[in-house]
Amino acid sequence: MRLSAEAVQVRTYVKERFTVSSPNIAPLHDRALIRVSGPDAEHFLQNLVTADIDELADPGATLSALLTPQGKILFDFLIYKQNGGYLIDAPKETSADLLKRLTFYRLRAKVDLEAAGEDVCVFAVWGEDLLDTNGAELVVTDPRLAALGQRVVGPADFAEKSGATIKDLEAYDAHRVALGVPEGLKDFAYSDIFPHDADMDQLGGVSFKKGCYVGQEVVSRVHHRGTARKRFIQIEAAGAVPEKGTAIIANNKSVGELGSSTMIDGQAFGVALLRLDKVHQAIENGVPLTCGDVAITVKLPDWAEFGWPDAKAAE
């Protein structure tokens with residue numbers, strides 16, 4: 001597909017603004033790990049989560065989620081496979097609840113579920129490949145988007161031994177937000193939205209070829225009918241934007257709300273869950289979009305395979 005001149009300019013701008021010349025590493029203190037092992041581990045996960053576990057390489061990684069029966073995201077997480085076992089990389093805030101829910105579904109399956117100890121941590125690395133991976137339990141390319149970098153599972157002191165430049169969690173979140181990748185709890189509440197809303201179908205987190213899993217019927221229907229009206233896309237503003245959850249307004253009506261945002265060189269970048277048809281209609285009609293009292297512009301992420309819907313669909 002040939003890119004428009006505008007798209008080329010955007011890609012060049014993002015590359016110049018967000019690409020770093022040396023690898024960065026950030027301990028993700030807001031993440032926790034759950035170990036899943038045993039003879040039935042693969043079958044157990046395959047019948048429960050949105051990703052196709054049977055197709056996962058060893059070692060390998062995938063984005064995935066556990067849904068409500070109504071098809072909404074109950075938990076989102078990354079799954080890593082190594083040596084026939086699995087690690088679930090999830091928000092620490094809800095990891096105990098996730099472990100409890102997995103235990104509830106285990107029934108008589110020969111599966112062992114346990115929280116990994118605090119001596120094992122998750123790290124994000126971006127910019128270039130790791131300088132030194134010695135001592136890491138697992139190193140994988142982030143399965144959502146290669147530009148996010150790598151995910152590393154290793155001992156608590158791994159960052160100091162890696163040789164990379166140590167950054168904090170805020171720096172990594174700024175990197176993620178600048179690339180337009182949403183994340184559970186930081187950008188949306190659990191049990192509120194569907195996988196398509198969170199772009200999980202675009203980021204490799206949903207299989208439409210595997211068999212049944214919890215909430216599968218609803219997700220499959222949305223996909224095959226093409227009825228996903230809301231999506232997380234990117235926003236930009238010349239100055240700071242309001243807090244997460246602030247409504248995005250067009251024609252005095254809400255068309256969605258703001259997720260995470262970050263400031264880089266005095267300019268705001270963020271992600272927002274928006275009604276694409278209504279936003280496209282506003283753009284076509286020259287209607288300004290605002291977040292609070294701040295004027296914003298919107299764009300589809302470079303990695304998105306979906307386009308703008310017909311503006312007339314919003315009428």
> Can you tell me if Thr141 uses its side chain to pair, donor with acceptor, with the backbone of Ala146 under 3.5 Å?
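Between the backbone of Ala146 and the side chain of Thr141 there is no qualifying donor-acceptor contact (under 3.5 Å).
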> Between Leu48 and Val214, is a side-chain contact (heavy atoms from CB on, under 4.5 Å) present by the stated rule, with each step listed?
CA-CA 6 Å; Leu48 196 59; Val214 178; 3.9 Å; yes
> Is Leu274 reachable from Leu258 through a run of hydrophobic residues whose side-chain heavy atoms are each under 4.5 Å from the next?
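Per the 4.5 Å side-chain linkage, Leu258 and Leu274 are co-clustered.
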> According to salt bridge (Lys or Arg N to Asp or Glu O under 4.0 Å), does anything in residues 210-230 pair up with another residue at least two apart or in another chain? List the pairs.
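Non-adjacent pairs meeting salt bridge (Lys or Arg N to Asp or Glu O under 4.0 Å): Glu217-Arg221.
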> Which residues satisfy the ring pair (Phe, Tyr, Trp, His ring centres under 6.0 Å) test with Tyr213, sequence neighbours excluded?
none
> Could you grab the distance from atom CG of Leu289 to atom CD1 of Ile249, nearest 0.5 Å is fine?
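If I round to the nearest 0.5 Å, the distance is 9.5 Å.
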> Counting only N and O atoms by type, is there a donor-acceptor contact under 3.5 Å from the side chain of Gln46 to the main-chain atoms of Ile53?
yes
> In terms of heavy-atom contacts, does NZ of Lys92 have more than 12 from other residues, nucleotides or ligands at under 6.0 Å?
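Yes.
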> Examine Ile34 and Val122 and state if one hydrophobic cluster contains both, with Ile, Leu, Val, Met, Phe, Trp and Tyr joined whenever side-chain heavy atoms are less than 4.5 Å apart.
yes
> In Å, rounded to the nearest 0.5 Å, how long is the span from CG of Asp112 to CZ of Phe44?
11.0 Å
> Any non-hydrogen side-chain atom of Leu98 less than 4.5 Å from a side-chain atom of Leu66?
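When only atoms from C-beta onward are counted, Leu66 and Leu98 do touch, with a gap below 4.5 Å.
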> Show which residues join Val287 in its hydrophobic cluster (side-chain heavy-atom contacts under 4.5 Å, direct or indirect), or state none.
none
> If only atom types and distance count, is the side chain of Gln202 paired as donor or acceptor with the main-chain N or O of Glu305 below 3.5 Å?
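Yes: the side chain of Gln202 pairs with the backbone of Glu305.
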> Would you call Val219 and Thr50 a side-chain contact if the rule is heavy atoms closer than 4.5 Å?
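Not in contact.
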> Return the minimal non-hydrogen interatomic distance between Pro195 and Val206, and the atom names on each side.
CB-CG2, 3.9 Å
> For the CG atom of Leu56 and the OG atom of Ser207, what is their distance to the nearest 0.5 Å?
12.0 Å
> Under the salt bridge (Lys or Arg N to Asp or Glu O under 4.0 Å) rule, what pairs show up with a residue in residues 33-58, not counting sequence neighbours?
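Qualifying pairs, neighbours excluded: Arg35-Glu137, Glu42-Lys81.
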> Can you name the ring pair (Phe, Tyr, Trp, His ring centres under 6.0 Å) partners of Tyr172, sequence neighbours left out?
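For Tyr172, the residues satisfying ring pair (Phe, Tyr, Trp, His ring centres under 6.0 Å) (neighbours in sequence not counted) are Trp126.
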> With distance as the sole test, does His175 use its side chain to make a donor-acceptor pair with the main-chain N or O of Leu148 at under 3.5 Å?
yes
> Any side-chain heavy atom of Leu28 sitting closer than 4.5 Å to one from Leu169?
yes
> Might you point out which heavy atoms bring His280 and Pro309 nearest each other, and give the distance in Å?
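The answer is ND1-O, 2.6 Å.
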> Using the ring pair (Phe, Tyr, Trp, His ring centres under 6.0 Å) criterion, which residues pair with Phe208? Sequence neighbours excluded.
His196, His223
> Mind checking the CG-CG spacing from Leu102 to Leu45? Nearest 0.5 Å is all I need.
7.5 Å
> Which atom names give the shortest non-hydrogen contact between Ala51 and Thr62, and what distance separates them?
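So the minimum-distance heavy-atom pair works out to CB-OG1, 3.6 Å.
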> Take Glu93 and Asp30 through the test side-chain contact (heavy atoms from CB on, under 4.5 Å) and record every step on the way to the result.
CA-CA 7 Å; Glu93 180 181 342; Asp30 62 338; over 6 Å; no
> Grouping I, L, V, M, F, W and Y whenever their side-chain heavy atoms are under 4.5 Å apart, do Val255 and Trp308 come out in a common cluster?
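The answer is yes; both residues are in one hydrophobic cluster.
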> Find the distance between CG (Leu113) and CZ (Arg101) and round it off to the nearest 0.5 Å.
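Rounded to the nearest 0.5 Å, the CG-CZ separation comes out at 13.5 Å.
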> Does any non-hydrogen side-chain atom of Asp265 lie less than 4.5 Å from one of Gln267?
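Heavy-atom side-chain distance check fails, nothing below 4.5 Å.
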> Taking side-chain hydrogen bond (donor to acceptor under 3.5 Å, both in side chains) as the cut-off, I'd like each qualifying pair that reaches into residues 240-255, sequence neighbours left out, listed once.
none
> How about Phe306 and Ile233: do any of their side-chain heavy atoms sit closer than 4.5 Å?
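Contact flag for Phe306/Ile233 side chains = yes.
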> Determine, using the 4.5 Å side-chain heavy-atom cutoff (strictly less than), whether Leu203 and Leu185 are members of one ILVMFWY cluster.
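Leu203 and Leu185: one cluster.
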> What are the two closest heavy atoms between Gly239 and Ala268, and how far apart are they?
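It is O-CB, 3.2 Å.
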> Do Leu138 and Pro59 have side-chain heavy atoms sitting under 4.5 Å apart?
yes
> Enter the distance from Phe269:CZ to Ser261:OG here, rounded to the nearest 0.5 Å.
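Interatomic distance, Phe269 CZ to Ser261 OG, rounded to 0.5 Å: 11.5 Å.
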> Filter on salt bridge (Lys or Arg N to Asp or Glu O under 4.0 Å), then keep only pairs touching residues 187-203, sequence neighbours left out; what's left?
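Matches after skipping sequence neighbours: Arg176-Asp187, Asp199-Arg231, Asp201-Arg231.
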> Between Trp303 and Leu179, is there a donor-acceptor pair closer than 3.5 Å when you use the side chain of the first and the backbone of the second?
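Flag set: sc Trp303 to bb Leu179 pair under 3.5 Å.
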> Would you name the heavy atoms of Ala237 and Val294 that are closest together and state the gap between them?
CB-CG1, 3.8 Å
> Side chains of residues 67-80: which donor-acceptor pairs under 3.5 Å do they make with residues two or more places apart or in other chains?
| residue | atom | partner | partner atom | Å |
| --- | --- | --- | --- | --- |
| Thr68 | OG1 | Gln70 | N | 3.3 |
| Thr68 | OG1 | Gln70 | OE1 | 3.4 |
| Thr68 | OG1 | Gly71 | N | 3.4 |
| Thr68 | OG1 | Lys72 | N | 3.1 |
| Asp76 | OD1 | Tyr190 | OH | 2.5 |
| Asp76 | OD2 | Gly184 | N | 2.9 |
| Tyr80 | OH | Asp89 | OD2 | 2.5 |
| Tyr80 | OH | Arg151 | NE | 3.3 |

> Any chance you could pull the hydrophobic cluster mates of Met263, using side-chain heavy atoms under 4.5 angstrom and chaining through other members?
none
> Starting from Val177, walk the hydrophobic network (Ile, Leu, Val, Met, Phe, Trp, Tyr; side-chain heavy atoms closer than 4.5 Å) and list everyone else you reach, by chain and number.
none
> Show your working on side-chain contact (heavy atoms from CB on, under 4.5 Å) between Leu63 and Met200 and close with a plain yes or no.
CA-CA 8 Å; Leu63 172 65; Met200 288 190 66; 3.9 Å; yes
> Taking all atoms of both residues into account, what is the closest heavy-atom pair of Ile193 and Ala198, and its distance?
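Reported closest heavy-atom pair: CD1-CB, 3.9 Å.
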> Which residues satisfy the ring pair (Phe, Tyr, Trp, His ring centres under 6.0 Å) test with His29, sequence neighbours excluded?
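His29 satisfies ring pair (Phe, Tyr, Trp, His ring centres under 6.0 Å) with no residue once adjacent residues are dropped.
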> Step by step, would you call Phe194 with Val218 a side-chain contact (heavy atoms from CB on, under 4.5 Å)?
CA-CA 9 Å; Phe194 298 98; Val218 177; 3.9 Å; yes
> Any link between Val49 and Phe104 through a network of hydrophobic side chains (Ile, Leu, Val, Met, Phe, Trp, Tyr) touching at under 4.5 Å?
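As far as the 4.5 Å side-chain criterion goes, Phe104 and Val49 are connected within one cluster.
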